[in-house]
Amino acid sequence: MALIKVTSPHATGQQRTGRLMREVMLATLPGLAVLTWLFGWGSLINVIWAMLIALASEAAVLKARGKDVAFYLRDNSALVTAVLLALAIPPSAPWWLTLIGVSFSIVVAKQLYGGLGMNPFNPAMAGYVLLLISFPIEMTRWFAPGEGPEHFMGSVHLFLGRYAETVDLMTGATPLDSFRTWAGDATALANEHILHGVFAGVGWEWVNVAFLLGGLYLLWRGIITWHIPAGFLGALALCALPFWLYDPARFASPLFHLFSGAAMFGAFFIATDPVSAATSRWGRLIYAALIGVLIWVIRSLGGYPDAVAFAVLLLNLAAPTIDYYTQPRTYGHDKAKRGTG
Amino acid sequence: MNLLSLLRPRKPASAHPPLAAGNTRRLHDFHGGIHPPQHKTLSNQTPIRPGPIPRTLVLPLNMHIGAPALPCVQVGDTVLKGQKIADASGPVSAPVHAPTSGVVSAIEARPIQHPSGLDALCIVLDTDGEDRWAPLTPHPDYHLLPRAELVNLIREAGIAGMGGAGFPTAIKVNLRDSQRIEQLIINAVECEPYITADDRLMRERADGVIAGVQALQYLVQPQETLIGIEDNKPEAIAAMRAAAANTDIEIVVVPTKYPSGGEKQLIQVLTGKEVRAGGLPAEVGVVCHNTGTAWAIHRLLSHGEPLISRITTLTGTAFSNPGNVEVLLGTQVRDLLAFGGVTVPDNGEYSYGEYSGRLIMGGPMMGFSIDHPAVPVVKTTNCIIAAPPEELPEPEPEQPCIRCGACAEVCPADLLPQQLYWYSKAGEFDRAQHYNLMDCIECGACAYVCPSHIPLVQYYRFAKGALRQQAAEQQKADRARERFEARMARIEREKAEKDAKRQARLAASRQKQAPGSSTAPTVDMAALKAASLEASSAYKAAVKALKAAEATGDGDAEALRAEADALKARADSAKAAVRDAKDSGAATTPAVPASDPVADLKKAVAEASSAYKQAVKAAKEAEASGSAEAASLRAEADTLKGRADELKNALREAKEQAPAVTPAPPAADPVAELKKAVGEASSQYKSALKAAKAAAEDNADDADALRARADELKARADQLKAELRDAKERAPATVAPVAPATLTTPATPDTQAATDATAPVAASTDADSAARAKRMKALKTAYNMASKQWKDASAALERATREGADDLAVQQARVDKLKKKADLAKEQLNLLVDEAKAAMKQATGSDLKTLKLAAARSESAAREKTAALAAAREAGDEAQITVLQQELAAAEQAALEAARTLKQAVADQGLADV
Ligand code: SF4
Ligand code: SF4
C-alpha cells in the first residue's frame with residue numbers, strides 16, 4: 001500500500017452525510033409511532049413503501065445520469081425525502097398516491113436539478129404540493145384520532161385502494177379544519193370536541209409533541225442548529241399571540257398553533273432541510289421566521305387549513321436572496337459584505 | 001449579551017475550571033473552532049531526548065520566510081558547530097549555522113518540504129561526529145547592550161519564528177521608536193492535536209523560556225506580557241507559573257479549542273483585539289512570539305548559541321518510541337523515522353520502503369504530507385507524524401455538499417466556507433474573493449467537520465493560488481510596461497546625448513574654421529545653446545529614469561545614477577561652453593552675436609535687481625516684526641545686491657563691446673514683421689469697424705465705444721504703415737514685394753553648391769535651413785493672407801454681381817490682383833518647400849516621402865507584431881510569446897525612431913506647418 005499523500009487537514013471529524021441522514025430518519029420515529037397509534041398502520045406502510053420507491057427512482061436516475069449508484073445511494077438523502085413525504089400525507093393514502101409523490105420528489109424536484117445539494121426546493125414538499133393540488137380529496141382525508149382502521153389488514157386494504165366501503169365512516173376533520181370552519185363562532189368552537197385536547201387539538205397535540213421530541217434529539221446531536229426551529233416556532237407564536245388576545249373566538253391561541261397540524265414536524269424536519277434553506281446564521285433565523293409568519297397568515301386568513309408546504313416552498317425561493325443580505329462579518333473586516341460579488 | 005453573541009455557539013470557558021481560575025483577566029471568544037481528539041499523551045509522556053547526529057545534514061537556505069541566505073562557505077570547508085555557513089541576504093532573511101562539526105560536501109538543490117514540491121538550494125554537511133563547537137560569546141548582560149545591538153545578535157543567530165511561518169525574529173523585535181506595544185504575547189497554546197513540543201519544553205525548561213521572554217520584553221517594552229497556554233497542559237502551566245512567579249509575566253490559561261493557537265485567534269482570546277484583514281498585529285499594539293523562539297533567544301544570550309536545533313515531536317502510532325526530540329536542523333526525516341523506531345528499509349534513496357500510511361510534517365490539521373523521506377527538518381518543523389491508515393485513514397470520497405452549514409459554524413475567520421467552495425470549484429475566483437477567500441487561514445476546521453468529506457481547504461488553496469497568479473501576472477505586465485517606458489526614456493536620452501555631442505563638435509569645428517566670420521559665431525552660439533539644452537534635457541531624462549528605477553527597485557539604479565552624474569557633468573560643461581562662447585563671442589565678434597549676451601545680461605540684471613529688491617523688502621519686514629531671521633535675510637539681500645551690481649557691470653561691458661548691435665537689428669526681419677503688423681492692425685481695424693457699424697445699426701449702447709476703438713486701431717495701423725514705409729526705405733534691397741528672402745539669400749541648388757564649397761556643409765545647411773524656415777513661415781503667412789483676401793474679394797464680387805452693383809469692374813480688378821498675389825506667394829512657397837525637401841534629402845539621405853513611408857512601414861510592422869503577440873498569448877505559446885515580445889520591442893523602437901527622424905527632418909526644414 002502506498003503512502004497517503006493529501007493536503008491538510010489530515011484528521012477528519014466523525015460526521016458523515018449518510019449518518020446524518022440516518023439520524024434524521026431515526027428522529028422521526030416518535031412521530032411515526034404516535035401517528036400509527038392514532039391513525040393505524042397506514043403511515044408506517046406508506047413510509048416503507050415510499051422508501052422503496054425512493055431507492056428505486058434514485059437508482060434509476062443515477063444510472064441514467066451515469067453516476068456511481070451505490071456511492072450516491074449511501075448518502076441516504078433519498079430515504080429521508082421519502083420518509084418525510086410519507087409522514088406528511090394522510091395515513092389513508094393509497095399506494096399510487098405515494099408512488100406519484102415520491103417519484104416526483106426524487107426524479108423531478110431533486111435529480112433533475114442536479115441531485116443532492118443542487119435542488120432549490122425541498123423535494124418532499126414539492127411532492128406534497130403536487131399531490132395536494134392534483135388529489136385534494138385523498139390528500140385531506142384524515143381519520144379522527146383513534147378512529148383509524150383497527151387492524152393491520154384494514155390499513156393494508158386502504159393502502160391497496162380498497163377503502164370505499166370503510167373509509168367514509170372513519171374520516172373526520174382535523175383540529176385545524178374545524179377551527180377554520182367555526183372561527184368566529186365562540187359557542188361552536190366551545191362545542192367542538194376535537195379542539196379540546198389536553199392542551200391543544202385532540203390527538204394532534206401528541207403528534208406534535210412526538211415530533212418536538214425527535215427535533216430535540218436532532219438538536220442535541222448537533223444535526224440541526226436551533227436557528228430554524230426557533231425562528232419558525234417563535235414567529236408563529238408571536239404572530240398568533242396578539243390576535244388571539246384580541247379575539248380568541250376568531251384566532252387560535254399560540255399553543256394551539258404550535259401543536260396543530262405539521263407545526264413541529266415542519267419546524268424540525270422540513271424547514272431544516274439544509275439544501276434548500278438559507279445558510280448563514282442570521283439568514284436561517286430570518287428564513288424560518290418568515291415561514292412561521294406565512295404559516296400563521298395562511299392558516300388564519302388563507303384558503304388552506306395548513307400551510308407548511310406552501311410556506312416552505314415560497315421561502316425556498318427567497319433563500320438565496322436572504323443569504324445575499326446576511327453574510328457574516330469576516331474576522332478583520334469592518335462590515336459584512338453584501339451580494340455575491 | 002447582545003443578540004449577535006447569542007447567534008454564536010458558545011463553549012464553556014474552560015474544560016478545567018481550576019486551572020483557569022488562576023487567570024486574572026477576562027478572556028474573549030472567537031467564532032467557531034473545533035475540538036478534535038488531542039492525541040497528545042502519545043508523545044508528551046517522556047522527557048525531551050537529544051536527537052541523532054546523522055551522517056549528513058541538509059540545510060536549506062530558505063528555512064525562513066524571506067530571501068534565501070547566501071552560502072559563505074565552500075564545498076570542502078571544514079566547519080564547526082555553530083559556525084555561520086550562510087549569510088542573511090537582505091533585510092528579510094536569516095543566516096544559517098552549522099548544527100554540528102563536519103565538512104561541507106555539497107551546495108546543491110535538494111528536495112525540501114515545500115508546497116511547490118520543488119527542490120531548493122541546500123548546504124549539505126557531512127558530519128564528523130565530534131560535535132566540536134565554534135567559540136561562542138554569551139551575552140548574559142544583554143540589557144546593558146543597546147537594543148539595536150541585541151536585535152543584531154538575534155539576527156545573526158538566525159532565529160526565526162519557530163511556530164508558524166518562520167518569519168525572522170529580528171524583524172519582529174526591531175520596532176520603530178514610534179511603535180508602542182501594549183501586549184507581548186507568547187504563543188504557547190499548541191492547539192493542534194498530536195504536537196507536544198512546546199508542552200515538553202515548558203515543563204522541562206520553564207526558567208529558560210521565561211528568561212527568553214524577558215529578553216523579548218526588554219526589546220519590545222510591552223505594557224504587559226501574556227503567555228497563552230491551553231488548559232490541556234496542566235503540568236506546563238504549573239511549571240510556567242512557578243518560573244514566572246516573581247516577574248510581571250502573566251500566564252493565561254485559554255480553553256482548549258482549535259485553532260486558538262492561530263496568531264489572530266490568540267490575540268482575540270487574550271485581548272479581544274481584532275487584527276485588520278491583511279494587517280499586522282503590531283497595528284493593534286501586539287507582538288506575538290513563540291515559546292520555542294523565546295527558548296532560542298535564551299540559548300543565544302546565555303550561551304551564545306545560534307539557532308542550530310529545535311524540539312520536534314515525533315508522534316503517531318507508527319513510531320515505536322514517540323516523544324520529543326531536540327533535533328539538529330537539517331536532519332532528514334528518514335533519519336528521524338529510524339531514530340523513532342519506524343522501520344524504513346533504506347532501499348534506494350527516495351523510498352519509504354515498506355512504510356504505508358501518512359507521514360506529516362506539522363500537525364494533522366495544517367501540516368504537509370511529506371513528499372520525500374530525504375527532506376530535512378527546518379526551523380519551523382515542530383512535528384513529524386507517522387500514522388498508519390488505521391489511525392489517519394485514507395480520505396473518504398467526496399460527496400455532494402448538502403449545504404448543512406457545519407463549516408460556517410466552525411470557521412474561526414467567520415467565512416462562509418460553503419460559498420467559498422462552490423465558487424472555487426466553479427472557477428469563479430473573483431466571487432470567492434468577494435467572500436473573503438484570502439482571509440481563510442487554512443486551519444482546516446471546515447473540512448474537519450464537513451459531513452460530505454469535501455477537501456475544502458484543497459479547493460481554497462487552489463483558488464488562492466489562481467488568484468495570486470492572476471495578481472502576479474498583472475504585476476508582471478505592469479513591470480514590463482514600466483521597463484519598456486524606462487528603456488524608451490533611455491533611448492531618448494542617449495539620442496539627445498548624441499545630438500548634443502554632435503552639436504558641440506560641430507560648434508567647435510565651426511569656431512575653429514570660421515573665426516571672426518560674421519555669421520559663424522551666431523550659429524556657433526545657437527548650436528552651443530542647443531547642445532547645452534540637449535545635454536541638460538538628457539540629464540533630466542536620466543534622472544527621471546533613475547527615479548523610476550529606484551521606485552521599482554530595479555537592479556540597475558546604480559548604473560543609472562552614474563550615468564545621470566556623467567550627464568550632469570556634460571550638461572554643466574555644455575553650459576560652461578555656452579558661457580565661454582558668449583564671452584569670446586562678445587570679444588571677437590562685436591556685431592551680431594553680442595546681441596545675445598547683452599539681452600541675456602539685461603534680463604539677468606533685471607532679475608537680480610528684482611530679487612534684491614524683494615530680499616530687501618523681506619528683510620525690512622523681518623526687522624519690523626523683530627524676527628530672528630532678519631539678519632540672515634539682510635545678508636542675503638546684500639549678496640543679491642552684489643550679484644546684481646556684478647551683472648550690471650557685465651552688462652555695461654557687454655554693451656560697450658557691442659555698440660553696433662542694438663540699434664540695427666537684422667534688416668529683413670523688421671520689414672516683414674512690420675508688414676505683418678500692418679496687416680494685422682488693418683484687419684483688426686476692419687473688423688472693429690464692421691462691429692461698430694453693426695452696433696450702430698442695432699442702436700447698441702456700445703456702438704460709440706466700438707467706433708472709438710476702431711479709430712484707435714486705424715491710427716495704429718496708419719502709424720505702422722508709416723513705419724513700414726520707413727523701414728522699406730532704409731532697407732531697399734529687401735523690399736521685393738512678396739518674397740524678400742529669395743533675393744537676399746542663396747536659395748537655388750547652385751548657390752547652395754557654391755556655399756558648400758566655401759563653408760563646412762553642415763554649417764551652411766543648418767544656417768540655410770534655419771533662414772529658409774523663417775522665410776517659409778513668412779511666405780506662408782503672406783500666402784494665407786492673400787488667398788483669404790482674394791476669397792473675400794471674390795465673394796464680395798459675386799454678391800455685387802448678384803445685386804447688380806455698379807462698381808463690378810473695379811471689384812473684378814481687385815479680385816484679379818489679389819489672386820495674382822496669392823498665386824505668386826504660393827509659387828514662392830512651393831519653391832521653398834521643394835528646396836527644403838531637397839536639403840532634407842541631402843541631410844538625411846532620403847526625401848520626405850521616403851521618410852514618411854519608412855515611418856509608416858515600421859509602425860505597421862510594430863502593429864503586426866502586437867497582433868501576433870496577442871494571438872500567441874491566447875494560444876498560450878510561451879516560447880513564441882517571449883520571441884514576439886522581443887521582436888515587438890525592437891519593432892516599436894524602430895517605429896519610434898523612424899517617427900522621430902521624420903519629425904526631426906520636418907522640423908529642421910521648417911516643413912512642419914506647410
Ligand atoms: S460542511 Fe460540507 S456539506 Fe456542509 S455546507 Fe459545508 S461544505 Fe457543504
Ligand atoms: S480553513 Fe479557512 S474557511 Fe475553513 S474554517 Fe479555516 S479559515 Fe474557515
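Letters go in sequence order (proteins before strands), and every chain restarts at 1. Not measured: the values here are computed from a predicted model.
- Residue B:Val449 touches chain A through its backbone alone, counting heavy-atom pairs closer than 4.5 Å.
- Taking chain A as the reference chain and counting heavy-atom pairs below 4.5 Å, the highest number among B:Glu442, B:Met366, B:Glu391 is found for B:Met366.
- Interface remark: B:Gln418 contributes side-chain atoms only to the contact with chain A (heavy atom separation under 4.5 Å).
- Ion pairing of A:Arg74 with B:Glu396 is absent here, as no side-chain N (NZ or NE/NH1/NH2) approaches a carboxylate O to less than 4.0 Å.
- Put simply, the residue from A:His333, A:Gln327, A:Arg329, A:Arg281 that forms a side-chain contact (heavy atoms from CB on, under 4.5 Å) with B:Asp414 is A:Arg281.
- For A:Arg19, no part lies under 4.5 angstrom from a heavy atom of chain B.
- Both the backbone and the side chain of B:Ile402 come within less than 4.5 Å of a heavy atom in chain A.
- Taking chain B as the reference chain and counting heavy-atom pairs below 4.5 Å, the highest number among A:Pro274, A:Ser280, A:Gly222 is found for A:Pro274.
- Both the backbone and the side chain of B:Pro397 have a heavy atom closer than 4.5 Å to some heavy atom of chain A.
- Under the 4.5 Å side-chain criterion, counting only non-hydrogen atoms from C-beta, B:Ile385 is not in contact with A:His10.
- Here A:Arg16 is the residue among A:Arg16, A:Arg284, A:Met118, A:Gln15 with the most heavy-atom pairs under 4.5 Å with chain B.
- Within the 4.5 Å cutoff, the side chain of A:Tyr331 has no heavy atoms near those of the B:Leu415 side chain.
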Scan the side chains in residues 310-320 of chain A for donor-acceptor partners under 3.5 Å anywhere in the protein, sequence neighbours excluded, and list what turns up.
from     : atom 1 : to       : atom 2 : distance (Å)
A:Asn316 : OD1    : A:Asn122 : N      : 2.8
A:Asn316 : ND2    : A:Ser276 : O      : 3.1
A:Asn316 : ND2    : A:Tyr287 : OH     : 3.0
A:Asn316 : ND2    : A:Val312 : O      : 3.2

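- For chain A, the option among B:Glu428, B:Arg276, B:His39 with the highest count of heavy-atom pairs below 4.5 Å is B:Arg276.
- Ranked by non-hydrogen atom pairs under 4.5 Å with chain A, the options B:Gly363, B:Pro412, B:Pro455, B:Gly444 are led by B:Gly444.
- Here OG1 of A:Thr17 is found 7.5 Å from CD1 of B:Ile454. Values are rounded to the nearest 0.5 Å.
- Residues A:Thr12 and B:Pro395 form no side-chain contact, since every pair of their non-hydrogen atoms from C-beta on lies 4.5 Å or further apart.
- Contact count versus chain A (heavy atoms, under 4.5 Å) is highest, among B:Val275, B:Val457, B:Ile34, for B:Val275.
- Contacts of B:Tyr258 classified as ring-ring contact (aromatic ring centres under 6.0 Å, His included), with partners at least two apart in sequence or in another chain: none.
- Residues forming a side chain to side chain donor-acceptor pair (under 3.5 Å) with B:Glu192 (at least two apart in sequence, or on another chain): none.
- Heavy-atom distances place the backbone of B:Gln433, and not its side chain, under 4.5 Å from chain A.
- A:Asp75 and B:Gln399 get closest at one heavy-atom pair: CB-NE2, 3.6 Å.
- Interface residue A:Leu116: backbone and side-chain heavy atoms are both found under 4.5 Å from chain B.
- Contacts of B:Cys450 with chain A are made by backbone atoms alone, with heavy-atom separations under 4.5 Å and no side-chain atom involved.
- Residues of residues 62-73 of chain A placed with any heavy atom under 4.5 Å of a heavy atom in chain B are listed by number as A:Phe71, A:Tyr72.
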